[in-house]
Amino acid sequence: MSIDLSQFFEVFFEESFEGLDIMESELLELQPGEPDNETINTIFRAAHSIKGGSGTFGFNSVADFTHVVETLLDQIRDGQRQLTQQYIDLLLQSVDCLRDILSALRAEEEPDTEQAQLLKAEFNLILAADASQIIDATPSEPNLGGNLSIGWVISFKPGLDILKTGNEPLYLLQELAELGELTVNIDISDVPALTDIEPEDCYFKWTLTLVSDCSKAQISEIFEWIEDECEINIHGLSQSTNVENDNSFSGQEIPVSKSAIESSMRASNASAQQLNNFEPVASDAEINIQHEIKAPTSNQKKSAKQTESGSIRVGIEKVDSLINMVGELVITQAMLTQLSEGELDNNKLLSLQAGLAQLAHNTRDLQESVMRIRMLPIGSIFSRFPRLVRDTSKKLDKKIELKLTGEQTELDKTLMEKISDPLVHLVRNAMDHGLESPAERLAAGKNETGQITLNAYHQGGNIVIEIVDDGRGLNTKRIREKAISNGLIAETDDLTDDQINLLIFEPGFSTAEQVSDLSGRGVGMDVVRRNIQALNGSVELASKPAEGSTVIIRLPLTLAILDGQLLSVGSHIYIIPLINIIESLQVKTNAISRVGGELDVLKLRDEYIPIIRLSDVFSHQGSSDNLEDGLLVVVENDNEKVGLFVDELLSQQQVVIKSLEANYFKVDGISGATILGDGTVSLILDIAGIVKLAGLNKSNTVFANQTGSLESATV
Amino acid sequence: MNLESLNAQLTDSQDLIDNADVAQYLTFLMDGEEYGIDILKVQEIRGWQSTTPIPNSPSYVKGVINLRGTIVPLLDLRQKFNLPKVDYSAVTVVIVLAIEQDGVDKIIGIVVDAVSDVYGVERSHIKYSPSLDENLNRQYIVGLAEVNAKTLIILNLNQLL
């Protein structure tokens, strides 16, 4: 009997990613030298379950790779080797690598195993060295500071016509092997189909691991002749061996012997020359491994599919409380049924009313609990930042301390997935542009270490996320200059500093060359704002020169609920998301001009705002065509303002968004539907769609140019 | 018209194991003709209720209703089939159907004059309608069947939207 394992894949992936997160956060806690046993154990357990799972489900590449990771961890755990910074870095790289492979597998794509191969080679090298260490390190015999053993990983890809130029890779490899112990991995993934093989071409790539104390120059020297005809990359392997009092590798069996190298070479040469179907004859394990590695498809940089995972892991206590509530609901229902039997007298009526009140209470509780199931603590996003800060601070050569608060704050799972990219962007910006270099900070009388704080909390029906840095703040003057030179604002415009700072969210500030120019935060801030607005959220910015900046993101607790303004057009009731509305006003005819005989334009302060009649775009009857009889709701969409002509504004309320597409189609100008208190359905307006319906596209007519210049005059 | 008993009957029929030879059809009346739809597609039967119109939609789309939290469009089958319009009354009935359109499961409601009965019809007894080629609506018609000396028009409403 065979069981279809694929039904468990999703659970496996979820658990594995969870395991990787644990590994990462624990690794970041580790200090070289004296590892905390509990931490190592936790990491080991996580790695072990990934290995077990991937073995069970047949993801052998993952299992093989995790195996070496686990072996190293095991030795650290048993005290057989000291924990060094090198190991921590290597393990962190492995976590990244595993994450990439698993993401690819989850998206049912061919994973890119090149990185895994390099890392694995590195692990093998360390582990091989380890064996000698364990054997030699008897208690009576302290480690003798032996030779410095440095290894190199060389990726070597000769050009196609290397053989035609009279060069023979085999000799190069043999020469390399003379420098030390050489492990050879051949990658035959580029070999074309038999019919396409050019016998005089060389299709192979090699990953070579050289254990030797030779210098990089010595290796380069070997490849010197063919430098121009090949791609070659030489990485240092184990700098740690300098730090560690390591033993020499003398007398150590390295997995691959020289003869194996030669046989692999012979096999590969033979296949190319004889136009044979390549099937390297060598029986060596190292080479066989290569067979398992399928050629990475030509498009290695495939973006991971944006699959929203279909399942959700819920804390058991949430489920328990749900079950309790359903229990109470059943009891209340039984009570009500009982009361409805027989004659209804006054007493019973009172009990009935009490029962109904209880029912209402139960229902509300139940609703809240069900909503909470979708809520996850924001800590799961925050937890990726220690790593980001660690890596970036190294790259930028800055000292940065990251503080996280409010990790327990919960928000909707869907929102969580969508907010993480903008957050990463903002944190990166704060590190890159916000914080000064240690020297600058000292000069400014600040602590050398810059601080970035991520904070989340609830406020009303919103979740607020703050990104605070104590850096140099925004350079308001230069932003202003930039904005003037970009034509965003006019020289004469009198704007407050806050207003000017907000300009960094304008698209005009988003091109790369302006970053260096401005030394401010510019890259893609407009994208950040757009993404957040797409989630019905908003961004604010506060900055003080020399003291730092704070970016404040406000998001609704869930995507399924929005603050809406109800309004009526004729007999129809529509809802506009409150966040779109700038103001509502009654107009006098003298403020209206009719452009080109069909488009009404309102002059509002310094702006001309096109007016859209909802009854026109939706082809139904409004109460009146006269603009003075109704109201204008000025809404903003993509920095473009339009006035919607409606009969009347009704109440404001939070509405639950329901899909119209689920059972019908996408309707232009409508983003969804909701159910009002009386059970009727009301449609939610999509401002961008309405602008499109009304034919007010930016590309449309002379009008576009006008708004363009008008906008720039008044932002 | 007792909707409750109809719905109860509906639930019973859906419990029946799908017999390969005999299919159960719920029939309804429209402009004097009796139409049948696969009972397994029928979710429930409701009375007419007022709808929220959808802007810029075809005239046979009467709008959407709130069906216990789901937004469900109601279609007037008379108008869709180009039959003469009638005013909705107390006996106007909405049949809620689970259809599959272009691979997507959707819930829609159709407005019909009245619900009639549930019949088991042997599949082999369904005959193709002679003039289907000229009939604009033939894409919705599976065929004709005779039950109790009456002719049923058997519909497939998957592509109705």
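Below, chain A is the first sequence line, B the second, and so on; all start at residue 1. Scope of the values below: all heavy atoms of this structure, side chains included, with no hydrogens, waters or symmetry mates.
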Portion of A:Val656 that has a non-hydrogen atom of chain B nearer than 4.5 angstrom: neither
Residue A:Ser571 versus chain B: region with a heavy atom under 4.5 Å: neither
Contact origin within B:Ile108 toward chain A - heavy atom pairs under 4.5 Å: side chain
Compare all side-chain heavy atoms of A:Phe618 with those of A:Leu693 and state whether any distance is below 4.5 angstrom. yes
Within the 4.5 Å heavy-atom criterion, are B:Leu155 and B:Ile141 side-chain neighbours or not? yes
Donor-acceptor contact below 3.5 Å, side chain B:Thr52 vs main chain A:Val681: yes
With a 4.5 Å cut-off on heavy-atom pairs, point out which of B:Asp105, B:Ile99, B:Val64, B:Val104 contacts chain A the most. B:Val64
When heavy-atom pairs shorter than 4.5 Å are enumerated against chain A, which of B:Thr70, B:Val72, B:Ile54 gives the highest number? B:Ile54
Hey, are B:Asn56 and A:Ser619 close enough side-chain-wise for a donor-acceptor pair under 3.5 Å? yes
Shortest non-hydrogen contact between A:Gln653 and A:Leu566, atoms and distance: CG-CD1, 3.7 Å
